[in-house]
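If you're wondering where the values come from, they're calculated on a predicted model, not measured in any experiment. Position 1 is the first residue of the sequence; numbering continues from there.
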Amino acid sequence: RAKSLGRGKICTYEPSMDEASRIRAELAIDLKRALAGDELELHYQVQNDTVSGGIVGFEALIRWNHPQKGRIPPDAFIPIAEETGLIIEIGDWVMRTACITAAQWRLPFKVAVNVAPMQLNHDLPRRVAEILKQTGLAPSRLEIELTESGIIADRQHALQVVLALKSIGVTVAMDDFGTGYSSLSTLQAFPFDKIKVDKSFIQAVETSAHAAAIVKATLLLGRSLNIPVLAEGVETTRHLDFLREEGCSSVQGYLFGRPMPVEIVNRMIDDEKASRPPATEMREAAM
Ligand code: C2E
Ligand code: MG
Ligand code: MG
Ligand code: MG
């Protein structure tokens with residue numbers, strides 16, 4: 001692109017663009033190795049019921065521990081994984097690992113897994129069904145999170161994928177609601193089981209009357225459509241109070257916990273189980 005500016009033109013950002021693409025190319029090679037080795041890890045962030053405060057599930061979030069560069073955030077490497085097609089293998093790994101982990105939990109919480117746009121075009125329902133079968137996780141305990149960007153390329157096909165996933169018995173959530181290209185028409189066309197309001201709105205509810213109005217309207221919309229709404233990025237008790245007052249179903253954010261390594265989450269679930277009266281257990285077994 002920089003070249004089209006023409007010979008002799010001074011283009012001060014060209015070297016840094018080269019630098020950026022060199023770093024991307026390097027990361028792409030490293031990512032292949034990461035997948036083969038054990039540099040990738042899933043952390044889990046708790047999701048709570050807004051009213052009772054009880055745990056409802058955990059979202060699996062990928063982490064890359066690069067041997068030289070340290071922890072690389074998903075926003076920095078998921079796009080590269082998508083460009084190189086590696087996201088298909090990574091996505092499979094994430095799905096399988098999350099299902100294996102959740103199948104071992106001593107309480108039947110849900111696990112939410114993020115799915116990248118490209119995965120929708122690679123036989124996602126069949127892969128999910130296979131992984132559920134192999135891991136023994138009940139389909140109803142898996143929630144798949146889709147962002148709108150995964151849907152816009154081919155809405156008709158995306159709809160078929162969502163319907164196929166739902167027919168397996170997994171639930172499907174719309175992630176980052178409100179930041180997409182046309183969130184409302186997507187909501188109209190797709191039978192989502194949950195709406196996740198993007199954290200950018202939640203974090204602005206105190207400082208922006210507009211953000212507060214948008215969150216309120218989304219909660220109202222969810223109620224009218226009979227779709228539960230989860231708020232992400234809940235960091236303060238004031239965020240929580242606001243959401244509670246406005247009738248938000250569930251919440252996720254640093255106020256309740258950061259994404260945590262699997263050992264810590266497992267211990268948390270063990271403690272939760274130990275603290276519950278036996279009667280609760282029987283109800284769960286009957287679920
Ligand atoms: P997301 O799915 O919307 O995940 C929520 C992000 O918000 C996570 O960032 C989480 O750590 C962060 N977060 C949670 N609570 C709070 C809070 O109270 N305050 C703030 N400031 N942030 C909070 P993370 O883990 O860096 O992931 C970023 C994005 O990367 C995710 O956004 C998702 O789109 C993508 N991603 C993560 N794991 C995977 C994966 O396994 N597969 C795919 N395809 N994408 C993934
Ligand atoms: Mg998500
Ligand atoms: Mg999100
Ligand atoms: Mg996001």
Cluster overlap Leu220 with Ile195, hydrophobic side-chain contacts below 4.5 Å: no
Please round to the nearest 0.5 Å and tell me the distance separating atom CG of Asp154 and atom CD of Gln160. 9.5 Å
The single option from Arg33, Arg63, Lys69, Lys32 that satisfies salt bridge (Lys or Arg N to Asp or Glu O under 4.0 Å) with Glu39 is Arg33
Closest heavy-atom pair and its distance - Leu163, Pro191: CD2-CG, 3.9 Å
Salt bridge or not between Asp176 and Lys199? Use side-chain N to carboxylate O under 4.0 Å. no
Membership question, hydrophobic clusters at under 4.5 Å side-chain separation (ILVMFWY): are Leu184 and Leu219 in the same one? yes
Set of residues satisfying salt bridge (charged side-chain N to carboxylate O under 4.0 Å, His left out) with respect to Glu235, sequence neighbours excluded: none
Report yes or no: does Asp123 contribute a side-chain atom to a donor-acceptor pair with the main-chain N or O of Arg126 at less than 3.5 Å? no
Begin from the C-alpha positions of Thr101 and Tyr44 and carry the test side chain to side chain donor-acceptor pair (under 3.5 Å) through to its verdict. CA-CA 10 Å; Thr101 296; Tyr44 297 85; 3.3 Å; yes
On a heavy-atom basis, which atom in Ser149 and which in Ile152 lie closest, and how many Å separate them? O-CG1, 3.7 Å
Sub-3.5 Å donor-acceptor pair from the side chain of Arg106 to the main-chain atoms of Lys273, do we have one? no
Test side chain to side chain contact (heavy atoms under 4.5 Å, CB included) on Met260 and Met268; report intermediate values, then the result. CA-CA 10 Å; Met260 294 175 290; Met268 192 172 148; 3.6 Å; yes
Leu230 and Val197, any side-chain heavy atoms less than 4.5 Å apart: no
Test item: side-chain donor near acceptor, Gln252 and Gln47, under 3.5 Å: yes
Spatial distance of atom OG1 (Thr236) from atom CZ (Phe242) [nearest 0.5 Å]: 11.0 Å
Student check: side-chain heavy atoms of Val170 and Pro139 closer than 4.5 Å: yes
Could you go step by step and tell me if Leu27 and Arg24 meet the side chain to side chain contact (heavy atoms under 4.5 Å, CB included) rule? CA-CA 5 Å; Leu27 277 184; Arg24 288 173 87 78; 5.7 Å; no
Under the rule for salt bridge (charged side-chain N to carboxylate O under 4.0 Å, His left out), what residues qualify as partners of Arg155, not counting sequence neighbours? none
Any non-hydrogen side-chain atom of His239 less than 4.5 Å from a side-chain atom of Val251? no
Single hit among Leu221, Ile214, Val229 for side chain to side chain contact (heavy atoms under 4.5 Å, CB included) with Phe177: Leu221
Ser140-Lys110 side chain donor-acceptor pair, cut-off 3.5 Å: no
Do Pro125 and Ile168 come close enough that some side-chain heavy atom pair is under 4.5 Å? yes
Ion pair Glu19/Arg22, N-O distance below 4.0 Å: yes
Tell me if a side-chain donor or acceptor on Asn48 pairs with a main-chain N or O of Thr50 at a distance below 3.5 Å. no
Is it possible for you to say whether Val56 and Leu240 belong to one hydrophobic cluster, with membership spreading through side-chain heavy-atom contacts below 4.5 Å? no
Student check: side-chain heavy atoms of Leu31 and Ile90 closer than 4.5 Å: yes
Specify the closest pair of heavy atoms between Ala98 and Val113, including all atoms of both residues, with the distance to one decimal. CB-CG2, 3.7 Å
Starting at CD of Glu232, measure out to OG of Ser200 and round the result to the nearest 0.5 Å. 8.5 Å
I'd like to know whether Phe190 forms a side chain to side chain contact (heavy atoms under 4.5 Å, CB included) with Val172, so could you lay out the CA-CA distance, the side-chain angles of the two residues, the decisive distance to 0.1 Å, and finally the verdict. CA-CA 10 Å; Phe190 285 75; Val172 184; over 6 Å; no
Identify the heavy atoms of Ala28 and Thr84 that sit nearest to each other, and give their distance. CB-CG2, 3.8 Å
Tell me whether the count of non-hydrogen atoms from other residues, nucleotides or ligands lying under 6.0 Å of CG in Asp271 goes above 12. yes
Side-chain donor-acceptor contact under 3.5 Å, Arg127 with Gln119: no
Mind listing the closest non-hydrogen atom pair of Pro117 and Glu82 along with its distance? CD-OE1, 3.3 Å
Does Arg141 reach the main-chain N or O of Val111 with its side chain, forming a donor-acceptor pair under 3.5 Å? no
Treating Ser182 as the side-chain partner and Ser185 as the backbone partner, does any N or O pair qualify as donor plus acceptor under 3.5 Å? no
Please work out which of the three classes, parallel, tilted or perpendicular, describes the rings of His66 and Trp64, given edges at 30° and 60°. tilted
If you look at every heavy atom in Ile202 and Gly233, which pair is closest and at what distance? CG2-O, 3.9 Å
Please report the interatomic distance CD1(Ile151) to CG(Leu159), rounded to the nearest 0.5 Å. 9.0 Å
Should the pair Lys194-Glu145 be classified as a salt bridge under the 4.0 Å nitrogen-to-oxygen rule? no
Beyond-backbone contact of Val262 with Thr97, side-chain heavy atoms, under 4.5 angstrom: no
Give a yes or no answer on whether the side chain of Ser208 reaches the backbone of Val205 with a donor-acceptor pair at less than 3.5 Å. no
Phe256 with Tyr254, same ILVMFWY side-chain cluster at under 4.5 Å: no
Leu61 and Leu42, any side-chain heavy atoms less than 4.5 Å apart: no
Check whether the side chains of Glu41 and Asn65 place a donor and an acceptor atom closer than 3.5 Å, and report yes or no. yes
Compare all side-chain heavy atoms of Thr171 with those of Leu142 and state whether any distance is below 4.5 angstrom. no
Is it true that Glu263 and Arg267 make a salt bridge, defined as a side-chain N closer than 4.0 Å to a carboxylate O? no
For Phe77 and Asp30, run side chain to side chain contact (heavy atoms under 4.5 Å, CB included): C-alpha distance rounded to whole Å, both residues' side-chain angles, the deciding distance at 0.1 Å, then the answer. CA-CA 10 Å; Phe77 73 85; Asp30 290 357; over 6 Å; no
Distance in Å, Asp193 CG paired with Asn226 CG, rounded so as to fall on 0.5 Å steps: 11.0 Å
Compute whether any side-chain donor of one residue and acceptor of the other, for Ser183 and Thr186, lie under 3.5 angstrom apart. no
Give, for atom OG1 of Thr179 and atom CG of Asp198, the distance between the pair rounded to the nearest 0.5 Å. 4.5 Å
Examine Phe201 and Val234 and state if one hydrophobic cluster contains both, with Ile, Leu, Val, Met, Phe, Trp and Tyr joined whenever side-chain heavy atoms are less than 4.5 Å apart. yes
State which residue, out of Glu143, Glu59, Glu148, fulfils the salt bridge (Lys or Arg N to Asp or Glu O under 4.0 Å) condition with Lys196. Glu59
